[in-house]
There are 4 protein chains.
Amino acid sequence: MADSSKPPTKGARTRATILRHAAESFRRDGYDDTTVASIAQKIGISEGTVFQHFGSKSGLLGAVMDEFYAELHATALDIAGSPGDAEQRFRNLIDAWALRAERDWDLIRVFTQRARYGTDPELDARWKEHNRRYTRLHFDLIEQLQAQGVLKDQVPPALIRDIVFGAIEHIALGQDLSPHMEIREKANQVVDVLVAHHAGQPPIDGRLERIERKLDAALGRGDGSVKVMPEGRTGDGSAAERA
Amino acid sequence: MADSSKPPTKGARTRATILRHAAESFRRDGYDDTTVASIAQKIGISEGTVFQHFGSKSGLLGAVMDEFYAELHATALDIAGSPGDAEQRFRNLIDAWALRAERDWDLIRVFTQRARYGTDPELDARWKEHNRRYTRLHFDLIEQLQAQGVLKDQVPPALIRDIVFGAIEHIALGQDLSPHMEIREKANQVVDVLVAHHAGQPPIDGRLERIERKLDAALGRGDGSVKVMPEGRTGDGSAAERA
Amino acid sequence: MADSSKPPTKGARTRATILRHAAESFRRDGYDDTTVASIAQKIGISEGTVFQHFGSKSGLLGAVMDEFYAELHATALDIAGSPGDAEQRFRNLIDAWALRAERDWDLIRVFTQRARYGTDPELDARWKEHNRRYTRLHFDLIEQLQAQGVLKDQVPPALIRDIVFGAIEHIALGQDLSPHMEIREKANQVVDVLVAHHAGQPPIDGRLERIERKLDAALGRGDGSVKVMPEGRTGDGSAAERA
Amino acid sequence: MADSSKPPTKGARTRATILRHAAESFRRDGYDDTTVASIAQKIGISEGTVFQHFGSKSGLLGAVMDEFYAELHATALDIAGSPGDAEQRFRNLIDAWALRAERDWDLIRVFTQRARYGTDPELDARWKEHNRRYTRLHFDLIEQLQAQGVLKDQVPPALIRDIVFGAIEHIALGQDLSPHMEIREKANQVVDVLVAHHAGQPPIDGRLERIERKLDAALGRGDGSVKVMPEGRTGDGSAAERA
DNA sequence: CATGAATGAGAATTCATTCAT
DNA sequence: GATGAATGAATTCTCATTCAT
């Protein structure tokens, strides 16, 4: 998608300029209240030029979408390919999306309205394609995490994806227009809910601590054995029982 | 919600007819591709009449929305007020919504596109109001369930709501146009994910209680720390044990 | 087509006004150089009103065409139904068309260009229907005349129609823009060509008569051989004569 | 007409290619629905190139027309210059045109619509010039045939031309889109109608013969003054009679 | 010769909406 | 309550055409 050759044709530069201004306008005014004329005028080119490059207004939105997802996907690829903890990479992936939603929700909102909730099949198909590619990265990680027991493995990966993305969207939508959205934070919480060892354990943890303290008190001991549940639904406790 | 007066004025009947056809048209063609003229024509009335009754096209959509939510809320009220298990009532509530989504997604889609993703503040406000009223029922139950330990209580109720509804929407959107949508089934799975005793804890809980009781007994104490999960299907095992 | 009820609705009056001005504009500027805007403006109505009444620009042309043919057909019906000589009625019919072509060729030219030579199937169908109805009158007379021997009966009626109308069109086209077109005269000649006893004979006939009379006088004879060709191919008599 | 120089310049080849595709497109889609862009694209050249060669879209149509008439005229010249019967040559000429109409009516239709019924004076002038040159051949033959008595000589040659071509056009137009058009056959019938000895003259002939016989008898002579219609299938009888 | 980019001037529509009757 | 007529503003999109390179 990025042309690595140095000299951008005049056409390519025009194209990029249009794209930039179009995105801005869609963000600010929404799709319906953006007119091709206004974009062209602001750039100082002819209206026809826009149509020559993008064919139609919705084609223009499509191109803006392409660019958005190209960038998003590149970032996501970096994260997914980074070394280290699968869970962390998954969290980073989600966080990257949440960050994006925080920063550019107005644009995402337009994509969503026109492509997914709209009636333009072409645009919808285009969005779906982007999404498939993008979500595949998550999918892979989800499966890995399920294998590791970090994510519950009886939940279909697609459902986990729906929960994460659906919830984030709902959250973003709820905070409509607020300047300081806390989407990232909430997105993180959503992941917490799904990650097994976080999944409501705190209370258990609390109780475990209490119990441990009682035990310690009763037995006169005091070590750090409480970080039980390293992987999730561990039969571990049974070991204690057995004892 | 239901007009208890018996003789529906001629005007009222016209109004109802318009509403019915408008809903149908919105469902089938979406908002933009529905014209007031086409609705009027199909009914055989004048375009002006529609405006007489609803003021504007978006007012008409608003009215369709009102009707939809009136019915939805009535159903929800019934469920919420039904006797029995809070969890079951919660599940029924969610299921009712999922059922609705399965049956009438095309209409919900229009509401969402125009009210939530759209730029009409009035319509959005109207939707928000309906949603608030509707979601309150869930909210209450969520809080109850958290108190009962069925739902993790460290997760803010609003987040749980966002997860449930967001996920369902995502699912519905994904199954676009498919005749046999499995929204209900998936919605149920979403709830499962959120309900604590499915989250891997049950075994732990049972053990914890046992352990704590034993300890208390051993230590000669008897506080109420165990009142956790009064409804949870977990206490059971312990009861058997106690016996 | 003509509404016999007296009070023309306001709508009907508007419609008629549009029609009148549209015809004028099509005549003067042709189809392409006529804009709906200019028509509306000249009348002092909104552009939208024109579209409300006629749906589209080509629908407007269609309506103009309808009116043209309605009038034409009415006239033709009168002529066809008038008492007297079939040949005369046929000639009058053709003459009426030629007169029309002389007076309103600019409009007919537009019909022809758009409906018959154009690419709008709807318009073409509309024209064809009018033409069918109109030409049927000629057809009937042609058949009658063939039965009477006035028109050669070995020529298919449709061909006679094609010759007459085709030739007139060709003539009209050739005299393009000339103010004093002699279409009627030429149309008459075309019919002469087709009518057997006129088929070029008149001048010859005159001479022949003269010659024959002189000869008879010179030879001292005096039979009735001059009533030649009262109906058509009368040469027969000569056989009798010979005898 | 044909470029006798052997090595066609690259430019010339491009020109020819454009011409060929343009003709094809005009035929298939008509003038309005043909875009210069589509032609260029199909050939794989730039839009500008087309304008380089033909100056304008209507210039392109003009060039296509030139080519068409060049070929047509060449054929016609051959026929007109062929040895033998004038009537036969006339018939062949008409037949060649009818054949052309059968084969390439879609293109002729475009010429007619744009040049003769259209509003482009330049194109019309161009067409008229071609037509003049082409029709002159017919004209000459018509006059010859009239002198020979094959065609009625009191009918102006121009009218005969209008009848023939007008009728053929009408016929072609009527058979719209039909795959097996019988234009040639009908065109032949049209000529039959015009050729004297078919046109009801036999009776006149009969009388002329009679008269001549009377004269001969009266004057005691017996020359070949009957040389009228040397080609006509009629003179014969008289010869036989004379014998 | 050829090109690719830019243009620009419409022009036809569409439709929600108003209002007198 | 209902209607029919009129509105009118706003917008997308089309394409032949030009021109610098």
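All chains are named by letter (A, B, ...) in the order of the sequence lines, taking the proteins before the strands, and each is independently numbered beginning at 1.
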Answer with base, sugar-phosphate or nothing: what part of the nucleic acid does A/Thr34 contact at a heavy-atom distance below 4.0 Å? sugar-phosphate
Measure CD/B/Gln41 against C1'/E/dA16 and give the value in whole Å, please. 16 Å
Minimal heavy-atom distance between B/Met65 and B/Leu123, with the atoms involved, is CE-O, 3.8 Å
Whole-Å distance, A/Arg13 CZ to E/dG4 P, equals 18 Å
A/Phe51 has an atom CZ; how far is it from atom P of E/dA9, in whole Å? 16 Å
Hey, which sits more toward the 5' end of DNA chain F by its nearest nucleotide, D/Ser56 or A/Thr35? A/Thr35
D/Tyr117 meets the ring pair (Phe, Tyr, Trp, His ring centres under 6.0 Å) criterion, sequence neighbours left out, with C/Tyr117
Just jot down the ring pair (Phe, Tyr, Trp, His ring centres under 6.0 Å) partners of D/Phe68, sequence neighbours excluded, or say none. D/Phe111
Are any protein N/O atoms closer than 3.5 Å to N/O atoms in nucleotides 5-8 of chain E? If there are, list each pair with its distance.
residue : atom : partner : partner atom : Å
E/dA6   : OP1  : A/Thr14 : OG1          : 2.4
E/dA6   : OP2  : A/His53 : NE2          : 2.8
E/dA6   : N7   : A/Gln52 : OE1          : 3.1
E/dA6   : N7   : A/Gln52 : NE2          : 3.0
E/dT7   : OP2  : A/Ser46 : N            : 3.0
E/dT7   : OP2  : A/Thr49 : OG1          : 2.5
E/dG8   : N7   : A/Ser46 : OG           : 2.8

Partners of A/Thr17 by side chain to side chain contact (heavy atoms under 4.5 Å, CB included), sequence neighbours excluded? A/Arg20, A/His21, A/Ile43
Stems where DNA chain E pairs, listed by first number, each of three or more Watson-Crick or G-U pairs under 3.5 Å: E:2-21 with F:2-21
Rounded distance in Å - CG (C/Asp120) to P (E/dA12): 14 Å
Write down the distance between NZ (D/Lys57) and P (F/dT14), rounded to a whole number of angstrom. 14 Å
So side-chain hydrogen bond (donor to acceptor under 3.5 Å, both in side chains) across residues 48-61 of chain A, not counting sequence neighbours, yields A/Ser58-A/Asp120
Please report the distance, rounded to the nearest Å, between CD1 in D/Ile18 and C1' in E/dT3. 12 Å
With the side chain counted from C-beta on, respond yes when B/Phe54 and B/Leu19 share a heavy-atom pair under 4.5 Å apart, and no when they do not. yes
Could you check how far CG of A/Leu61 sits from P of F/dT12, rounded to whole Å? 13 Å
Please list all pairs meeting side-chain hydrogen bond (donor to acceptor under 3.5 Å, both in side chains) that have one or both residues in residues 22-31 of chain B, counting only residues at least two apart or in different chains. B/Glu24-B/Arg28, B/Ser25-B/Thr34, B/Arg27-B/Asp104
Separation of F/dG4 C1' from B/Ile43 CD1 (nearest whole Å): 17 Å
Could you list the residues that satisfy side chain to side chain contact (heavy atoms under 4.5 Å, CB included) with B/Ala37, not counting sequence neighbours? B/Thr35, B/Glu47
Which pairs pass side-chain hydrogen bond (donor to acceptor under 3.5 Å, both in side chains) with one or both residues in residues 60-69 of chain B, sequence neighbours excluded? B/Asp66-B/Arg126, B/Asp66-B/His130, B/Tyr69-B/Trp127
